[in-house]
Amino acid sequence: MVQKMSCGNAAFAAGNPTESLIRDAFLVSASKRITINPAFLDDEKLPEGERVAVLQEVFNRNIRLRQLERLARCLSPVLGGMLPPNVLVYGPSGTGKSVTCLHFLSTLRALCEARGIPFTFSYVDLTTPHTCFGALNELAIALDGRVRRYRKGIALDHMEETIIQTLNGRDGFMCVLVDEADNVTTDTDLFLTFLAKTLPKKAAPKLFYVFLTNRVEWEKTLDPRILSVLKKTDLIFEPYDAMDLVEILRLRVEKALDGSKVEEGAVRKIAAFASRETGDARKAVELLAKAVKLAEEGSGRLAEAEVDAAERSLELDKTEELIRSLARQQQLALQACYLGFAQRRGRLSTGDAFQVYADLCKAQGTTAISQRRFSDMLNFLDLYGLVNATVISKGRFGKTREMSPSLPSEVASRLLKQE
DNA sequence: ATTCCACCGGAAGGGGCGGGCC
DNA sequence: GGCCCGCCCCTTCCGGTGGAAT
């Protein structure tokens, strides 16, 4: 069909069937179109300015008000020229920790500016795990505003010195916001000691920190001496409740969609799903986007049925994503299990599964791992809910793990079709 | 009561690899 | 850029185990 379009004049001839075909297709999809501005359904694509505006709107609707109040109580001494305590913010992912804190700090900066109090803040993003060196690197980048990373292989002392030098060019109050502070994989204590002890002593600005983490037990893994030096205050960010999520979703609907094609019940249902699960706003928006896509392919209206379908489809996507992210051997083990299930009608013992797996390996020319390892792998697959495995005794015929399938049939059949 | 199956799961040791350091 | 050390993955070894069979 594409070729037909390219043949110049013919396309302009009256009554060209292809032309009307295209026009009809366009009209049908246009009539079903719900999205007006897709960028508002995907934070990654939203330009920085718009993102700030959306957030502003969220905060104007009194969402996260209590959390902002708590932050204000802790950090407002800055306005009086006093050094506030360090703050540790706990909260599950998607509860708006980072955005709320960023919003708060930039508002605080504006207030300070109006009063002539020098105040700056930097944002250190440790969302991807870092070694101590990597964390210092991120900190240095955040402070001096360069894009380029420092070269690997520089001594830690030297990194620390660089950071101190950078800070000594400034004065007044300075807040460092450390996102996902628990993500320092090695020498966490070293990193924190540097932040809590060395920097305040050697650097010119009056420093305080806001640490964000979603692991409540993080504090327990730290050296108690560091904790005492930190002199921190703890804040908790509760997950969004269904009402908050409804507000957040409504805002997105207003910005991104044709409101007349979106049913209120659908929005409430998404909020209910998301709040029942984790109260994660990102997940809620993701579910909204998926439901809209399904609605545009189908009825052209976003109703509760589309939400249900989207929720199910996301669930399937998630398991497939999980399977894709498995290591090669783990994938083979999983395939072997489901091959075995297909051959032996469901139930499968470790020995049987290992046999299938070994054959599979031979067929693909990979070397098989030992049965001991394979057994651990089955444990792992069970842990992730990709198979069901329970240890049972068959008396005289030994003890074994009996496995049964747990994946939805669509996923399982797609798994078997691979290669 | 004892035996015995078929595997479980802990321990120990080896090898490869990547991060930290110079 | 290159070396070294620690960590992780893997294998091998082996004592342990629940209940049908005897």
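Here the structure is a predicted model, which means the values were calculated and not measured. In what follows, chains are A, B, ... by sequence order, proteins preceding strands, each numbered from 1.
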I need the [atom1]-[atom2] distance between [X] and [N], as an integer number of Å.
X: A/F191; N: B/dG20; atom1: CZ; atom2: C1'; result: 17 Å
X: A/R373; N: B/dC8; atom1: CZ; atom2: P; result: 14 Å
X: A/F380; N: C/dC9; atom1: CZ; atom2: C1'; result: 13 Å
X: A/R396; N: B/dC5; atom1: CZ; atom2: P; result: 6 Å
X: A/I392; N: C/dA20; atom1: CD1; atom2: P; result: 11 Å
X: A/F354; N: C/dC10; atom1: CZ; atom2: P; result: 13 Å
X: A/F397; N: B/dC4; atom1: CZ; atom2: P; result: 14 Å

Pairwise 5' ranking along DNA chain C for A/S370 and A/K394, keeping only the more 5' one: A/S370
Sugar-phosphate, base or nothing in reach of A/D376, heavy atoms under 4.0 Å: nothing
C/dG19 base / A/S393 side chain donor-acceptor hit below 3.5 Å: no
5'-most by nearest nucleotide on DNA chain B - A/R401 or A/G395: A/G395
Pair A/F237-A/Y90, ring-ring contact (aromatic ring centres under 6.0 Å, His included): steps then yes or no: CA-CA 6 Å; A/F237 267 52; A/Y90 291 115; over 10 Å; no
